Amino acid sequence: MAKEKVRSQRYLETANKAVNLGLIALLLISLIFYTTFADPINVPKFLVLILSASWLLGYLLPIFKIKTLGNSQVTFLRLTLVFIGIMTITALLTDNLEVAFFGDNLRKNGVLNYLALALISLVFAFYFSSSHKIRFFTYVLIINSIMTFYGFIQILGIDPLPWTGSGGIFSTIGNSNFAGTVFSILFVLSAISIHFFKKQIIKFFICILVTSNLICIYFTNARQSQIVTMLAICIMFLYFINSKSKKLFYFFFTSFILGSFLILLGIFNKGPLGVYIYKNSVSVRGFYWKSAFKMIQDHPFLGVGIDRYGAFFKEVRDVNYPLKYGWDLTSTNAHNLPLQMFATGGLFLGLSYLILMTLIFWLGIKSVRSQIGDSRYFNFGILLAWLVYQIQTFVSVDNVAMAIWGWVLAGIIVANYSITINQSNTINSQLRISREKQLIISALLVIPTIFVSFNLARAESNMFQLIIRFNPNVQSDTEKFKEIAVNTLKIPFLDQSYKVQIGGNLIDYGYKSEGLKAVQEVLQKDKRDLQSLWILAMYSENTKNFNDAISLRKKIEILDPWNAKNYYFIITDFYNLNDNAQMKIYAEKIRNFAGDTDIGKQLKNSFPNL
């Protein structure tokens, strides 16, 4: 009996520490940014994510010894391992390992991102308990307060930081759409938390906070987040009405279904609400989804490679996309997470993800239905907040600052269900690890992550210096720029897009051999890198090596068949070689789909005889 008491006490101490560290990670990932990084938002959050997950893995190792069958926590563990395992295997078969593991285009949505998210989710699934409710809500309120305060600073136009490139306020998240989602999640959790705090002053503060959330959500200009928040408010209202009057519940539920149908029609510019709800971004997403389906059709089993959507997008995009949005605009994501999983990881990865999410949803529903009182209300709030994240993933890009909430809430849902049906006791008795052993394991696991993080941070800092220094017209800074550029190229794990950017900058500064070498090295690793091909083609044209330019632009033609601007350059290259026959072939290609565009008109003016 005494031994069991000691074991139980040891487990509680471990659980408290693990949950505390998980909540600190949630707080830091939500709030952190670093203005002297080239990517001041995503990279700092990603670094906190992988460092936190590495340390927390020391707490998770005992769970891999668990052999209890039929337990929801173990089922969640196994399905999570299947999902990460399939993603890892697919990554190893991807044509670009760096992108597969670290992610493309600075979003960091590679294997390391999802592995870290899954590990943190497992911490909450196995260690979160009802005793952590108030602690969880306290962290939610702290995060919400800071994000909302900074959001109001941006609303008032007094932000001291010179941010650019967003259509609305984005607080600490970096993108108005992502910020809208996080604000929606925080709104739901904060509103639910009112019930669990006893002091009236705290309740009053939360009321002010959730009202401020609604203001911030409005000023994000993120239409999908505004709609999802309204739906969440309606669902909370229905939950309350259901406990008071069944007749009223059925009336309002019917109204809710009808309203949701009209909103859905409005999203696609149909029905009476279309004029108020529809945004052009919906039609853009249609192109992204159509391209994803084409990738699935062409690569059904392995996909195009983990986070390689952007490498294939221009090859499979609909011809109307460049005609409507320009020749250079591209996308690195399907803007629908399930489609992204199927398109980049293939059938098995997509199915494993959907099965995992279905399990979480089912456990969430069961945890709500099988409880009463405070526990039911808490489980309902967690499930609703998780659904806010899930709805967003069907119309937007996954993002570290959003995803951490989705995965943390998923872990809490699993823990809630285990608590509900008393499954956790059999698991907890097996989760035993000494404090000393845990520290040693966590330290050993975090060391390689620190090495990776240090180099990623160094690369970001150097790239920031290069961006603010870039000015080829100022000769006095030329040598310093070259020094920083060359040193940056030597940093391990340097993002592929940074290498290409540095190479192009060095060429602009006149360091042609160094710049060409950097760009060519990227192209050797990634033959689909359009930016590298374009830089090399432009360099060949500037040095009058027109045969080389044509060869490079024909490679671009394969990867980007609906780019009339590329065809126009090919025509000018053949013009310089006096090859009229080839000029006519490519002129006809432009006329076939882009005759009425700016390029088509330029072709007519410059080469009227074609």
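Being a predicted model, the structure only gives us computed values, none of them experimental. Each residue takes its place number in the sequence, starting with 1.
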Legend entry - Side-chain donor-acceptor pair present, Tyr150, Asp159, cut-off under 3.5 Å: yes
Inset, instruction - For the pair Tyr567 and Tyr586, name the ring-plane relationship: parallel under 30°, tilted 30 to 60°, perpendicular over 60°. - result: tilted
Inset, instruction - May I ask you to decide if Glu315's main-chain N or O and Asp560's side chain share a donor-acceptor pair within less than 3.5 Å? - result: no
Inset, instruction - Let me know which of Gln496, Lys525, Arg528, Lys527 forms a side-chain hydrogen bond (donor to acceptor under 3.5 Å, both in side chains) with Asn96. - result: Gln496
Legend entry - side-chain contact (heavy atoms from CB on, under 4.5 Å) partner of Ile550, the single match among Asn545, Asn576, Leu577: Leu577
Inset, instruction - Check the pair Tyr321, Leu329 against side-chain contact (heavy atoms from CB on, under 4.5 Å), reporting the backbone distance first and the verdict last. - result: CA-CA 9 Å; Tyr321 182 86; Leu329 188 64; 3.4 Å; yes
Inset, instruction - Using modelled atom types only, decide if a donor and an acceptor are shared between the side chain of Ser171 and the backbone of Met147 within a distance under 3.5 Å. - result: yes
Inset, instruction - Might you work through the salt bridge (charged side-chain N to carboxylate O under 4.0 Å, His left out) test for Lys108 and Asp495, ending with a clear yes or no? - result: CA-CA 10 Å; Lys108 305 302 180 189; Asp495 190 280; 3.6 Å; yes
Legend entry - Phe493 and Phe102 aromatic ring geometry - parallel, tilted or perpendicular at 30°/60° bounds: tilted
Inset, instruction - Decide, yes or no, whether a salt bridge links Glu521 with Lys499 under the criterion of side-chain N to carboxylate O below 4.0 Å. - result: no
Inset, instruction - Give a yes or no on whether Tyr575 atom OH has more than 12 heavy-atom contacts from other residues, nucleotides or ligands under 6.0 Å away. - result: no
Legend entry - Reported OG1-to-OH distance for the pair Thr478 and Tyr509, which is rounded to 0.5 angstrom: 6.0 Å
Legend entry - For the student: nearest non-hydrogen atoms of Tyr218 and Gln226, plus distance: O-NE2, 3.1 Å
Legend entry - Minimum-distance pair of heavy atoms, taken over all atoms of Ser225 and Gly180: OG-C, 3.1 Å
Inset, instruction - Evaluate whether atom NZ of Lys482 has more than 12 neighbouring non-hydrogen atoms of other residues, nucleotides or ligands under 6.0 angstrom away. - result: yes
Legend entry - Under 3.5 Å side-chain donor-acceptor pair for Gln340 and Tyr288: no
Legend entry - CD on Gln531 to CG on Asp328, rounded to 0.5 Å: 11.0 Å
Legend entry - Donor-acceptor pair, side chain of Lys45 and main chain of Ser30, under 3.5 angstrom: yes
Inset, instruction - Quick one: closest heavy-atom pair of Asn563 and Trp327, and the distance? - result: OD1-CB, 3.5 Å
Legend entry - Donor-acceptor pair, side chain of Ser352 and main chain of Phe348, under 3.5 angstrom: yes
Inset, instruction - Inspect the surroundings of CG in Asn605 and state if more than 12 heavy atoms from other residues, nucleotides or ligands are less than 6.0 Å away. - result: yes
Legend entry - Short side-chain donor-acceptor distance under 3.5 Å, Asp548 and Ser540: no
Inset, instruction - Could you walk me through whether Tyr114 and Tyr353 pass ring-ring contact (aromatic ring centres under 6.0 Å, His included), step by step? - result: CA-CA 11 Å; Tyr114 286 104; Tyr353 175 78; 7.8 Å; no
Inset, instruction - Taking only Lys NZ, Arg NE, NH1 and NH2, and the carboxylate oxygens of Asp or Glu, determine whether Lys565 and Asp598 approach each other closer than 4.0 Å. - result: no
Legend entry - Glu588 and Arg591 ion-paired at < 4.0 Å: yes
Legend entry - Contact check, side chains of Ser532 and Val519, non-hydrogen atoms, under 4.5 Å: yes
Inset, instruction - On the 0 to 90° scale, with breaks at 30° and 60°, tag the Phe287-Tyr325 ring pair as parallel, tilted or perpendicular. - result: perpendicular
Inset, instruction - Please examine the side chains of Phe342 and Leu349, heavy atoms only from C-beta on, and report whether any two atoms are closer than 4.5 Å. - result: no
Inset, instruction - May I ask you to test the Leu354-Met357 pair for a side-chain heavy-atom distance under 4.5 Å? - result: no
Legend entry - Residues, nucleotides or ligands: over 12 heavy atoms within 6.0 Å of Tyr34 OH: no
Inset, instruction - Please step through ring-ring contact (aromatic ring centres under 6.0 Å, His included) for the pair Phe593 and Trp562, ending with a clear verdict. - result: CA-CA 8 Å; Phe593 74 95; Trp562 302 118; 5.2 Å; yes
Inset, instruction - To the nearest 0.5 Å, tell me how far Tyr511 OH sits from Asn505 CG. - result: 12.5 Å
Legend entry - Residue that, paired with Arg308, satisfies salt bridge (charged side-chain N to carboxylate O under 4.0 Å, His left out) out of Asp529, Asp95, Asp104: Asp95
Legend entry - Thr220 OG1 to Gln154 CD distance, which is reported to the nearest 0.5 Å: 11.0 Å
Inset, instruction - Check the surroundings of atom NZ in Lys589: do more than 12 heavy atoms from other residues, nucleotides or ligands lie under 6.0 Å from it? - result: yes
Legend entry - Leu494 side, atom CG; Gln501 side, atom CD - distance, nearest 0.5 Å: 10.0 Å
Legend entry - Test item: side-chain donor near acceptor, Tyr389 and Asp398, under 3.5 Å: yes
Inset, instruction - Search all heavy atoms of Phe481 against all heavy atoms of Leu466 and return the closest pair with its distance. - result: CE1-O, 3.4 Å
Legend entry - Test side-chain contact (heavy atoms from CB on, under 4.5 Å) applied to Leu559 and Lys314, step by step: CA-CA 6 Å; Leu559 301 174; Lys314 285 192 172 182; over 6 Å; no
Inset, instruction - Over all heavy atoms of both residues, which pair between Ser291 and Tyr309 is shortest? Give the atoms and the distance, please. - result: CB-OH, 3.6 Å
Legend entry - Taking every non-hydrogen atom, the tightest pair across Thr90 and Thr344: CG2-O, 4.1 Å
Inset, instruction - Taking atom types as modelled, find out whether Ser606 and Tyr568 have a side-chain donor-acceptor pair closer than 3.5 angstrom. - result: yes
Legend entry - 4.5 Å side-chain heavy-atom contact, Arg285 and Ser331: no
Inset, instruction - With the side chain counted from C-beta on, respond yes when Val452 and Thr449 share a heavy-atom pair under 4.5 Å apart, and no when they do not. - result: no
Legend entry - Met463 side chain reached by Ile502 side chain, heavy atoms, under 4.5 Å: yes
Inset, instruction - Assess whether side-chain contact (heavy atoms from CB on, under 4.5 Å) is satisfied between Asn177 and Thr181, documenting all intermediate values. - result: CA-CA 7 Å; Asn177 289 322; Thr181 300; 6.0 Å; no
Inset, instruction - Give the C-alpha distance, both sets of side-chain angles, the deciding distance and a yes or no for side-chain contact (heavy atoms from CB on, under 4.5 Å) between Ile296 and Leu339. - result: CA-CA 9 Å; Ile296 296 168; Leu339 278 181; 4.0 Å; yes
Legend entry - Check: Arg553 main-chain N/O paired with Asn566 side-chain donor or acceptor under 3.5 Å: yes
Inset, instruction - Report yes if the side chains of Met538 and Ile535 come closer than 4.5 Å at any heavy-atom pair, otherwise no. - result: no
Inset, instruction - Supply the atom-to-atom distance Asp579 CG to Ile571 CD1, rounded to the nearest 0.5 angstrom. - result: 11.5 Å
Legend entry - Side-chain donor or acceptor of Ser176 paired with backbone N/O of Asn221 under 3.5 Å: no
